[in-house]
A.B. asks: 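The structure follows.
Every number for a ligand or one of its atoms is a count from 1 in the order of the listing.
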Amino acid sequence: MPEGAVIDDPKQKAENARKAFEQEFEHFARFRAGGASGDAGLALKEAEALERELADLATRHTGKKSELAAVKKLIGRVAPQERASFGQLVQQIEAGIRGSIEEAAGSLQSFIRDARLERERIDVTLPGRRPRRGHIHPITLVRQRIEDIFVSLGYVVEDDREIETDFYNFTALNIPESHPARDPQDTFYTTEGFALRSQTSTVQIHAMQRRGAPVRMIAPGRVFRRDTPDATHNPMFFQVEGLCVDRGISMAHLKGTVDEFVRRMFGPETRTRFRPSYFPFTEPSAEVDYSCFKCGGQGCRICKGSGWIELGGSGMVHPNVLKAVGVDPEEFTGFAFGLGIDRMCGLMYALDDIRLLFENDVRFLEQFN
Ligand code: DAH
């Protein structure tokens with residue numbers, strides 16, 4: 001209130017209230033005639049802050065404790081002959097104040113609404129972001145093909161544990177105490193004396209304990225050996241075990257089954273050859289080779305000039321193995337085999353280093369569909 005104003009003049013008081021408002025309202029004057037929508041420089045946050053300021057200003061100048069409220073109370077107290085004209089003046093001032101506030105509030109509100117809409121706008125016609133598609137690992141691709149072939153021959157697919165006791169990894173498989181495979185140099189042991197299985201042959205034992213005989217099963221899975229990784233070795237790799245036990249099973253069934261498998265896997269011209277070998281869990285035992293899928297047996301880079309590729313080990317299940325799981329070897333006989341998936345995979349995709357299969361470099365893995 002200006003110094004020296006006549007405080008007890010009611011009209012002066014009313015004018016002072018108007019002036020005080022107008023001074024403060026200066027700040028909002030640009031919003032008076034819907035000006036805000038054109039104000040590109042105004043950010044949404046600023047507008048929201050201004051809206052709050054404006055609400056405070058309205059309370060200060062039109063609320064119960066405002067100067068205007070005090071002036072309105074004077075209406076009943078002025079001399080009767082001045083009351084009408086004073087009343088009119090106050091009304092006019094109030095209407096002016098409320099009108100200015102409403103106008104500014106209105107244009108601020110519409111500015112804020114537009115700005116929020118703009119911020120939330122999405123273009124539904126834009127193409128979406130495509131999720132990057134994964135790929136099946138080459139080992140899995142080969143494993144699935146092997147599974148499909150054996151399932152169609154009436155085999156079940158078994159899965160079992162990767163950490164084993166001595167009994168399953170060695171004893172039940174007729175592997176004697178002195179056998180080098182038991183050496184910690186070759187097999188990983190846990191501190192509690194469990195072994196990371198060094199072959200999937202362990203699943204023969206679990207499967208026969210569960211199912212008894214007859215049984216036809218394959219068991220693909222991880223195995224572990226203490227090898228130093230190089231282009232052809234890895235301490236973890238994949239095998240597929242096969243087992244067929246029934247009455248009257250002979251080596252002829254083994255040969256017929258393996259022949260059928262390689263023909264479906266590598267083409268109808270593929271041949272096999274069996275070489276005598278030794279495994280504790282089979283008698284007799286044989287190594288199986290198949291004619292090279294690349295050159296058909298002529299000799300090439302893939303088969304290292306021999307025309308043959310090693311498939312794996314096989315043989316007639318040793319009677320001691322059947323006995324270990326309570327199957328009578330007088331009634332039942334069977335054959336078994338074990339193949340390396342990684343080697344097969346490496347040859348089929350012409351990889352010059354099998355470590356590529358476990359490095360999980362997407363640039364490598366993306367090439368297999
Ligand atoms: N378990 C053998 C290995 O890891 C492979 C093998 C050979 C499995 C002969 C068999 C078999 O079932 O009969 O080298």
Side-chain angles (χ1 to χ4, degrees), residues 143 146 150 155-162 164 166-176 179-183 185-188 195-209 213 215-227 232-246 249-258 261-262 272-290 309-325 327 329 332-344 354:
R143 193 200 75 211
I146 298 172
F150 279 103
Y155 285 66
V156 293
V157 179
E158 287 277 354
D159 185 26
D160 226 294
R161 61 213 76 180
E162 292 173 1
E164 281 294 2
D166 231 49
F167 177 77
Y168 289 98
N169 206 46
F170 302 117
T171 313
L173 288 165
N174 199 38
I175 299 175
H179 197 278
R182 287 177 179 259
D183 197 311
Q185 292 250 356
D186 291 319
T187 298
F188 292 107
L196 299 195
R197 70 177 177 194
S198 52
Q199 49 184 351
T200 45
S201 303
T202 53
V203 188
Q204 289 185 24
I205 307 303
H206 289 292
M208 283 194 284
Q209 282 182 336
V215 63
R216 278 176 179 73
M217 66 105 208
I218 58 161
R222 259 174 247 272
V223 298
F224 307 85
R225 285 184 202 174
R226 292 193 69 156
D227 280 325
T232 53
H233 294 85
N234 206 54
M236 186 275 294
F237 56 100
F238 288 83
Q239 286 189 333
V240 187
E241 191 74 13
L243 174 73
C244 169
V245 175
D246 207 336
I249 295 293
S250 73
M251 198 101 182
H253 296 106
L254 168 62
K255 293 192 80 172
T257 304
V258 173
F261 167 69
V262 297
T272 57
R273 82 177 175 188
F274 285 66
R275 287 178 285 115
S277 185
Y278 169 79
F279 300 101
F281 30 87
T282 43
E283 181 59 35
S285 304
E287 301 270 359
V288 186
D289 300 332
Y290 61 97
I309 297 172
E310 230 180 272
L311 183 67
S314 69
M316 298 306 291
V317 181
H318 197 290
N320 287 349
V321 174
L322 297 176
K323 279 186 211 153
V325 292
V327 170
F332 290 99
T333 50
F335 65 79
F337 55 85
L339 329 169
I341 302 185
D342 312 59
R343 190 180 348 130
M344 200 179 283
I354 63 155

A.B. asks: In the protein, what heavy atom is nearest to atom 11 (C) of ligand 1, and what distance, to one decimal place, separates them?
C.D. replies: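 Ranked first by proximity to atom 11 (C) of ligand 1 is F281 CE1, 3.5 Å.
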A.B. asks: Inspect the surroundings of CG in D159 and state if more than 12 heavy atoms from other residues, nucleotides or ligands are less than 6.0 Å away.
C.D. replies: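 No, the 6.0 Å shell around CG holds no more than 12 heavy atoms from other groups.
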A.B. asks: How about H253 and D246: do any of their side-chain heavy atoms sit closer than 4.5 Å?
C.D. replies: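 No, side chains not in contact.
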A.B. asks: Please state whether F335 comes within less than 4.0 angstrom of ligand 1, counting heavy atoms only.
C.D. replies: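 No; F335 lies far enough from ligand 1 that no heavy-atom distance drops under 4.0 Å.
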A.B. asks: Any idea which atoms of ligand 1 are less than 4.0 Å away from a heavy-atom of F279?
C.D. replies: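 Counting from 1, the qualifying ligand atoms are 7 (C), 9 (C).
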A.B. asks: Check each of M316, R197, R225 against atom 14 (O) of ligand 1 and report the one with the nearest heavy atom.
C.D. replies: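 Answer by nearest heavy atom: R225.
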A.B. asks: Distance to 0.1 Å, residue and atom name: give those for the protein heavy atom nearest to atom 5 (C) of ligand 1.
C.D. replies: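 Going by distance alone, atom 5 (C) of ligand 1 is nearest to G338 CA, 4.1 Å.
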A.B. asks: Quick check on contacts: which atoms of ligand 1 are under 4.0 angstrom from a heavy atom of Q239?
C.D. replies: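 Listed by number with element, the hits are 3 (C), 4 (O).
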A.B. asks: Should S201 be counted as touching ligand 1, given the test is an N or O pair under 3.5 Å?
C.D. replies: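 Among all N and O atoms of S201, at least one is under 3.5 Å from an N or O of ligand 1.
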A.B. asks: May I ask you to decide if A181's main-chain N or O and D186's side chain share a donor-acceptor pair within less than 3.5 Å?
C.D. replies: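 Pair absent, no side-chain N/O of D186 close to backbone of A181.
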A.B. asks: On the 0 to 90° scale, with breaks at 30° and 60°, tag the F150-F261 ring pair as parallel, tilted or perpendicular.
C.D. replies: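 Aromatic pair F150/F261 classed parallel.
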A.B. asks: Please identify which atoms of ligand 1 are closer than 4.0 Å to at least one heavy atom of G315.
C.D. replies: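 In order of number, 13 (O).
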A.B. asks: Roughly how far, to the nearest 0.5 Å, is CD of Q204 from CE of M217?
C.D. replies: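 If I round to the nearest 0.5 Å, the distance is 5.5 Å.
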A.B. asks: Does any non-hydrogen side-chain atom of R225 lie less than 4.5 Å from one of Q199?
C.D. replies: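 Yes - at least one pair of side-chain heavy atoms lies under 4.5 Å apart.
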A.B. asks: Below 3.5 Å, N or O to N or O, backbone or side chain included: is there any such pair between A336 and ligand 1?
C.D. replies: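 So ligand 1 has an N or O lying under 3.5 Å from an N or O of A336.
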A.B. asks: Taking the non-hydrogen atoms of G312, is any one of them nearer than 4.0 angstrom to ligand 1?
C.D. replies: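 No.
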A.B. asks: Looking at E164 and R197, is there a salt bridge between them, counting it only when a charged N and a carboxylate O are closer than 4.0 Å?
C.D. replies: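 A salt bridge is absent here (no side-chain N lies under 4.0 Å from a carboxylate O).
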A.B. asks: Compare every heavy atom of Y278 with every heavy atom of P280, then report the nearest pair and how far apart it is.
C.D. replies: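 Answer, listing the atom of P280 first, then Y278: CA-OH, 3.4 Å.
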A.B. asks: Tell me the closest heavy-atom pair linking A286 and F274, and the distance in Å.
C.D. replies: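 Closest approach of A286 to F274: CB-CD2, 3.8 Å.
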A.B. asks: Short list, please: which atoms of ligand 1 are under 4.0 Å from a heavy atom of Q204?
C.D. replies: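 So the atoms of ligand 1 that pass are 12 (O).
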A.B. asks: Return yes or no for this condition: an N or O of S198 is under 3.5 Å from an N or O of ligand 1.
C.D. replies: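 No, no N or O pair falls under 3.5 Å.
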A.B. asks: Determine whether Y168 and H206 satisfy the following criterion, ring pair (Phe, Tyr, Trp, His ring centres under 6.0 Å), listing intermediate values before the conclusion.
C.D. replies: CA-CA 8 Å; Y168 289 98; H206 289 292; 3.9 Å; yes
A.B. asks: Tell me, which protein residue and heavy-atom name are nearest atom 1 (N) of ligand 1, and how many Å apart are they?
C.D. replies: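 Of every protein heavy atom, Q199 OE1, 2.8 Å lies nearest to atom 1 (N) of ligand 1.
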A.B. asks: For T282, take its heavy atoms, then give the atoms of ligand 1 lying under 4.0 Å from any of them.
C.D. replies: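 Reading through ligand 1 atom by atom, the close ones are 13 (O).
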A.B. asks: Considering only the protein, which heavy-atom contact is closest to atom 12 (O) of ligand 1, and what is its distance?
C.D. replies: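 The closest one turns out to be E241 OE2, 2.5 Å.
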